[in-house]
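Here's the structure, in structure tokens; my notes come after.
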Amino acid sequence: MKISTVVVLGAGSAGLMTALTLKRKLPHLGIRVVRSPDIGIIAVGEGTTSVFPRHFFEHLKVKPQAFYAEANPTWKLGIRFAWGAKRDFYYTFAYEFEKRQPELSRNNGFYHDPGQPWLGNASAFMAHDKVFPRRPDGFPRLHNNHAFHLENVTFVGWLENRCREAGVEITDATVSAEPGPQGVAALVAESGERIVGDLYVDASGFRSELLGRLLAEPFLSYADTLFCDRAVVGGWARGEGERIKPYTIAETMDAGWCWQIDHEKRVNRGYVYSSAFLSDEAALEEFARKNPKIEPGQTRVVKFRSGRYRRSWVGNVVAVGNSAGFVEPLEATSLQVICVETSTLADSLSDSQCDPPPTLVALFNRFNGEQWDDIRDFLAVHFRFNKRLDTPFWRHCREHVALHGAEPVVDFYRENGPSVVAGISLLSPSNSFKMDGYIALLTGQEVPYAKVHQATAAEQEHWRRRRAELAADAQQGLSPEEAMAALRRPGLKWG
Ligand SMILES: Cc1cc2nc3c(=O)[nH]c(=O)nc-3n(C[C@H](O)[C@H](O)[C@H](O)COP(=O)(O)OP(=O)(O)OC[C@H]3O[C@@H](n4cnc5c(N)ncnc54)[C@H](O)[C@@H]3O)c2cc1C
């Protein structure tokens, strides 16, 4: 059936990003979003990857000015991991480990030095708490090779405004689903109104009202790899002299890990843990003890399960966001997955002239399933090799985390070291972490490998100079506070 109207159930980031992407790419579609003021939105989810600015600014052609002014983001150049062996390391979006300099015989990964863990501009900027290079006129030299930190509620408000501007209709109603031959016949509001469309997007969050509850699509659990199932979240108002960090911190905790995300006025933290190893009370106690600034009485516990539904497009229902799958936010990938899901949906509709045949739907399902599995595999490496703490949880992870698709990558690394060659055949072309990401995590955690490269004296000298130059460049850069102030000054030319 030709699709001309789409009903989106849910107005969290998943529902509104889907509505906006479809409306921008297929303006002739009638799009109506239905959301429940009683249920509300999840109100967590603060980190993105570099897929996010590309999706909005390059793919959807959203104006960055408006985004900066209303969504009030801070920048994220990557993740600083307090993880693995004794020393912290950096994960960036710049693929620094696979790069090869003409003066050197091997790619950068072979020269990783845990004492000075920067190999390129992005990690050097992170190591010096700087965010953008400084132009001669004092403005930041902006690029899209970064991600953002966003407050979920503010971001969702910004999305709602963009959707309304684009002509998306938004209705407040708590609905139930009426089954039909294609899957859903209508969404029925408490008032009795029947809301009907040709395609239903299930963006109802963890409730998965249409795909999970109504259609009973099987859920594929990731519990043999990812043992965490809860998070306690909290934060504090940024104090005088507390500088904004241009990266997320992921810190090893007794039974999981803790994020730190710096917003302009707040610092937010969240302890992701396994309820099999830690009670909620003990998690709250450890969280508060290690973060004495956490505002008392302002913490809350969020429960989740890691995994994905077998298919996300079934009949006339396509699930997007938490209703399709979820993994803990260690690499902050949920908004990235939503970007990919929504653009793939728009491309599928556009390519089939809004009449998608079964082979296209099957391809959509395979592609989306694989992207979730790729994330699970990459996270496996984080848990299997973290030696920072010797607690029952981490001992269990080191012994029992199933590596799945990461297994051949790790085997290759153990024999060949941080070579990028394996990425060509062991990872799918759409794997966003690439071999570079694996090498960042494996070298960062100091996982041993057989063929250690002995750098020549000339290579060592090259790296000594290169690291010093990178550090000097970074020191000249703008701090997040300086970059923010510059963006608010009149006269900036947006690229
Ligand atoms: C602890 C934690 C940390 C996270 N951190 C990150 C992160 O750093 N980065 C990241 O990318 N993601 C993160 N996420 C994931 C984040 O939640 C999602 O990226 C994102 O916000 C998508 O949410 P959603 O729109 O799917 O669901 P929600 O925000 O829950 O929205 C669901 C919508 O459906 C509506 N709804 C549900 N049922 C009905 C009904 N019957 N009738 C009408 N309306 C209904 C609700 O009212 C709401 O509007 C995190 C998640 C958790 C749990």
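Order of listing sets the numbers, starting from 1, for every ligand and every atom in it. Only heavy atoms go into these numbers, but all of them, side chains included; no hydrogens, no water, no symmetry mates. Throughout, residue positions are numbered sequentially from 1 according to the sequence presented.
- Of the polar atoms of Gly15, none of the N or O atoms is found under 3.5 Å from an N or O of ligand 1, judged by distance alone.
- Close approach of ligand 1 to Ser334 is summarised as follows: ligand atoms under 4.0 Å from at least one heavy atom of the residue are 10 (C), 11 (O), 12 (N), 15 (C), 18 (C), 19 (O).
- For ligand 1, the atoms lying closer than 4.0 Å to a non-hydrogen atom of Ala203 are 32 (C), 33 (C), 34 (O).
- Distances between N or O atoms of Gly47 and those of ligand 1 include at least one value under 3.5 Å.
- For Thr333, no nitrogen or oxygen atom sits less than 3.5 Å from a nitrogen or oxygen atom of ligand 1, counting backbone and side chain alike.
- Residues His263 and Asn72 bring no donor and acceptor atom of their side chains to less than 3.5 Å of each other.
- Residue-ligand proximity: Gly40 is placed with a non-hydrogen atom under 4.0 Å from ligand 1.
- Assignment of Ser176 to the shell around ligand 1 is not supported, since no heavy atom sits closer than 4.0 Å.
- Neither the backbone nor the side chain of Val156 comes within 4.0 Å of ligand 1, counting heavy atoms alone.
- When only non-hydrogen protein atoms are considered, atom 20 (C) of ligand 1 lies nearest to Ser13 OG, 3.1 Å.
- At a heavy-atom cutoff of 4.0 Å, ligand 1 is contacted by no atom of Ala43, backbone or side chain.
- Contact annotation for Pro329 and ligand 1: only side-chain heavy atoms (C-beta onward) come within less than 4.0 Å of the ligand.
- Heavy atoms of Thr48 come nearer than 4.0 angstrom to ligand 1 in no pair at all.
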